[in-house]
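Notes to accompany the following structure.
In this text, all values refer to a predicted model and were calculated from it rather than measured experimentally.
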Amino acid sequence: MSQAVTATRRQNPAARGSQPSPEAPRPIGRVLSTPQFWELMERWKISDATALELIDYPGKLGTSGKRPRFRFTTHQQRITAYLVAIENELANTGTELSWLHRRIGSAPFAGKSPIERMLAKGLEGMNEVVKLLSRTALRKSLRERLDAAS
């Protein structure tokens, strides 16, 4: 195989017959630094072990219980962007942070809390939470406009 064909296949996964991994698109939002991530987890009242699970951290808390020092991978940066989007939507809807821990019977949660859904489904679950909160914010905005018009 020529070097040009090899280089093209390396740059274009479709050229070699495989598809890129189907990750959810990154929402508009900023990526958190590690200290900002821990501050967010404290605001959300998420345990350190659960927080690490939420960002797919491969390690565990040490026996000392201290938070590990690490740099976010690209995948973890994508996750933190979702977490920022979720916090923004919570603020837009006026929803309390405790909502993240409340069990919800309706779809897509099926009796689980939003945090449990995000842990179970990863980026897909985070995307579902963002969409649900966005729809709630839109409904709230429409109600306020209709009330103001009447």
Side-chain angles (χ1 to χ4, degrees), residues 1-140:
M1 219 180 307
S2 73
Q3 288 180 343
V5 170
T6 305
T8 301
R9 287 186 177 181
R10 250 188 261 130
Q11 291 172 354
N12 184 0
R16 61 175 179 262
S18 67
Q19 297 298 320
S21 64
E23 289 200 31
R26 180 176 165 192
I28 297 173
R30 64 185 172 89
V31 174
L32 298 177
S33 67
T34 307
Q36 291 169 329
F37 166 73
W38 287 118
E39 288 172 14
L40 178 69
M41 294 296 99
E42 287 171 5
R43 276 195 307 277
W44 287 11
K45 296 182 178 19
I46 304 285
S47 72
D48 291 353
T50 302
L52 293 175
E53 187 179 349
L54 193 60
I55 60 166
D56 291 334
Y57 182 73
K60 295 184 180 184
L61 284 176
T63 55
S64 67
K66 287 186 177 181
R67 293 174 174 164
R69 298 176 94 184
F70 59 91
R71 289 182 183 218
F72 289 127
T73 64
T74 303
H75 176 70
Q76 290 167 334
Q77 289 174 347
R78 192 171 290 120
I79 290 170
T80 65
Y82 269 98
L83 299 178
V84 169
I86 290 168
E87 181 157 82
N88 290 340
E89 290 302 330
L90 285 167
N92 289 341
T93 60
T95 305
E96 294 182 19
L97 295 175
S98 62
W99 177 83
L100 293 167
H101 300 280
R102 197 172 304 141
R103 294 188 183 278
I104 301 171
S106 62
F109 302 107
K112 295 187 182 216
S113 71
I115 292 292
E116 291 171 330
R117 183 69 177 180
M118 291 187 287
L119 287 169
K121 294 290 190 170
L123 286 174
E124 180 184 336
M126 292 175 198
N127 193 31
E128 291 169 349
V129 171
V130 169
K131 284 181 180 179
L132 177 80
L133 289 168
S134 295
R135 283 193 303 266
T136 303
L138 179 61
R139 284 187 196 117
K140 180 181 176 184

Counterpart residues, side chain to side chain contact (heavy atoms under 4.5 Å, CB included), relative to Ala49 (two or more places apart) = Ser47, Leu61
Exercise: identify the closest heavy-atom pair between [X] and [Y]:
{"X": "Tyr57", "Y": "Gln76", "value": "CA-NE2, 3.7 Å"}
{"X": "Phe109", "Y": "Ile104", "value": "CB-O, 3.4 Å"}
{"X": "Leu97", "Y": "Arg43", "value": "CD1-O, 3.4 Å"}
{"X": "Trp99", "Y": "Leu132", "value": "CZ2-CD2, 3.6 Å"}
{"X": "Thr93", "Y": "Lys140", "value": "O-NZ, 3.4 Å"}
{"X": "Trp44", "Y": "Glu87", "value": "NE1-OE2, 3.2 Å"}

Say you draw a straight line from [atom1] of [X] to [atom2] of [Y]; how long is it, rounded to the nearest 0.5 Å?
{"X": "Arg102", "Y": "Glu96", "atom1": "CZ", "atom2": "CD", "answer": "7.0 Å"}
{"X": "Ile46", "Y": "Met118", "atom1": "CD1", "atom2": "CE", "answer": "6.5 Å"}
{"X": "Ser113", "Y": "His101", "atom1": "OG", "atom2": "NE2", "answer": "7.5 Å"}
{"X": "Leu83", "Y": "Leu40", "atom1": "CG", "atom2": "CG", "answer": "6.0 Å"}
{"X": "Ile115", "Y": "Ile86", "atom1": "CD1", "atom2": "CD1", "answer": "7.5 Å"}

From Val129, Leu100, Thr136, residue fulfilling side-chain contact (heavy atoms from CB on, under 4.5 Å) relative to Leu90 = Leu100
Using a strict 4.0 Å threshold on nitrogen-to-oxygen distance, state whether Glu128 and Lys121 make a salt bridge.
-> no
By side chain to side chain donor-acceptor pair (under 3.5 Å) - contacts of Arg103 (at least two apart) = Glu116
Is the shortest heavy-atom distance from the side chain of Met41 to the side chain of Leu54 under 4.5 Å?
-> yes
Which residues satisfy the ring pair (Phe, Tyr, Trp, His ring centres under 6.0 Å) test with Phe72, sequence neighbours excluded?
-> Phe37, Phe70
